[in-house]
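Any value given below was found using the heavy atoms of this structure, including those in side chains, with hydrogens, waters and symmetry copies removed. This chain uses plain numbering: 1 for the first residue, then up along the sequence.
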Amino acid sequence: MCSKREIPEGPALPAYITEDMVQTAMDMQEEYGHPAGCTIAQIIQESGADDTPSALAARDHNLFGMKWDDYFADKPGVVGPVEWNTNEEYDGQIVGITGTFIAFTDDVACIEFRSSVFLRSERYRSNPLIQEAIETGSSATMAQGLYDAGWATDSSYVDSLIALMDEYDLYRFDK
């Protein structure tokens, strides 16, 4: 689906963020309204480890740490479930768990899935902050909406995403 458009100038992104990822984030913004700056911030937050991607991102192309549900089995680009050890925050405590995550054919399929399937579920689609983010093109509001709808257990998730948006001037990708 990637329709090539000019990528706005700004600070260099981490080395594992490819032009295809950025183009697909902008395509998903065009098609579904999900602000591209927030999409890219989530990729950096969820799959980055300095200048290399996490194992989940590199091997299974899950750039967002999305967990498995049997409903996803026949969706385009989905390979299947995979188990990974991860940390979750519950009541202020960090707990190690084994989680079942989605494996994808490639990075583009993962980004497309996030917008076309995951964020279209009732949980996210009906969230007022996500609706506002789509209407206004605001990555910061999208980050707040994702957390509000239960995307992450980390209490500092929104602050982390906004810090990344500021550091890399990711707002330049929003409409």
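Take K67 and apply the salt bridge (charged side-chain N to carboxylate O under 4.0 Å, His left out) test, not counting sequence neighbours, and it matches E88. Under the rule for a side-chain hydrogen bond (donor to acceptor under 3.5 Å, both in side chains), the partners of Q42 that lie at least two apart in sequence or sit in another chain are R114, Y157. Applying the side-chain contact (heavy atoms from CB on, under 4.5 Å) criterion to A149, with sequence neighbours excluded, gives R123, Y124, N127, I130. With sequence neighbours excluded, no residue forms a ring pair (Phe, Tyr, Trp, His ring centres under 6.0 Å) with Y168. Looking at residues two or more places apart in sequence or on another chain, you find a side-chain contact (heavy atoms from CB on, under 4.5 Å) between D169 and P11, Y171, R172. R125 pairs by the salt bridge (charged side-chain N to carboxylate O under 4.0 Å, His left out) definition with E122, not counting sequence neighbours. By the side-chain hydrogen bond (donor to acceptor under 3.5 Å, both in side chains) test, D70 pairs with W68, sequence neighbours left out. Remark: D154 engages S156 in a side-chain hydrogen bond (donor to acceptor under 3.5 Å, both in side chains) (not counting sequence neighbours). A search for side-chain hydrogen bond (donor to acceptor under 3.5 Å, both in side chains) contacts involving N62 returns nothing, not counting sequence neighbours. Partners of F113 under the ring pair (Phe, Tyr, Trp, His ring centres under 6.0 Å) rule, at least two apart in sequence or in another chain, are F72, F104.
Between the side chain of E83 and the backbone N or O of T98, no donor-acceptor pair lies under 3.5 Å. Without hydrogens or angle criteria, S138 side chain to I134 main chain gives no donor-acceptor distance under 3.5 Å.
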Might you work through the side chain to side chain contact (heavy atoms under 4.5 Å, CB included) test for F173 and T39, ending with a clear yes or no? CA-CA 10 Å; F173 298 107; T39 301; over 6 Å; no
Verify side chain to side chain contact (heavy atoms under 4.5 Å, CB included) between T24 and E112, making sure each step is shown before the conclusion. CA-CA 7 Å; T24 305; E112 290 174 346; 3.8 Å; yes
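D91 CG: 12 or fewer foreign heavy atoms inside a 6.0 Å radius.
Looking at D60 and V79, their side chains never come closer than 4.5 Å, going by heavy atoms from C-beta outward. In this structure, M26 and I7 have side chains that are in contact, with non-hydrogen atoms separated by less than 4.5 Å. I111 has its side chain within reach of M28: a pair of non-hydrogen atoms, C-beta onward, lies under 4.5 Å apart. Counting heavy atoms from C-beta outward, D174 and Q29 have side chains that approach closer than 4.5 Å. For the pair I40/L164, no side-chain contact is recorded, criterion being any heavy-atom separation below 4.5 Å from C-beta on.
Through direct or relayed side-chain contacts under 4.5 Å between Ile, Leu, Val, Met, Phe, Trp and Tyr, I97 connects to Y90, V95. Taking Ile, Leu, Val, Met, Phe, Trp and Tyr as hydrophobic and joining them when side-chain heavy atoms fall under 4.5 Å apart, one finds L56 in a cluster with V82, W84, F101.
Scanning both residues, G137 and P35, for their nearest heavy atoms gives C-CG, 3.8 Å. Considering every non-hydrogen atom in both N87 and G96, the closest pair reads OD1-CA, 3.5 Å. Looking at every heavy atom in both residues, A73 comes nearest to V78 through O-CG1, 4.4 Å. Residues A143 and M165 come closest through the heavy atom pair CB-CE, 3.8 Å. When all heavy atoms of S139 and C38 are compared, the pair lying nearest together is OG-N, 2.8 Å. Between R120 and S115, the shortest heavy-atom contact is CG-O, 3.1 Å.
Taking CD1 from I94 and OG1 from T86, the interatomic distance works out to 10.0 Å, rounded to the nearest 0.5 Å. Separation of atoms CE (M21) and CG (D107) is listed at 3.5 Å; rounding is to 0.5 Å. Atoms CD and CG, from Q144 and D159 in turn, are 9.0 Å apart once rounded to the nearest 0.5 Å. In this structure, M66 CE and C110 SG are separated by 3.5 Å, a value rounded to the nearest 0.5 Å. In this structure, CD on E167 lies 10.0 Å from CG on L13, to the nearest 0.5 angstrom.
Residue L146 is tested with V158, L119, T141 for a side chain to side chain contact (heavy atoms under 4.5 Å, CB included); the sole match is L119.
Linking Ile, Leu, Val, Met, Phe, Trp and Tyr whenever their side-chain heavy atoms come within less than 4.5 Å leaves F64 and L129 in two separate clusters.
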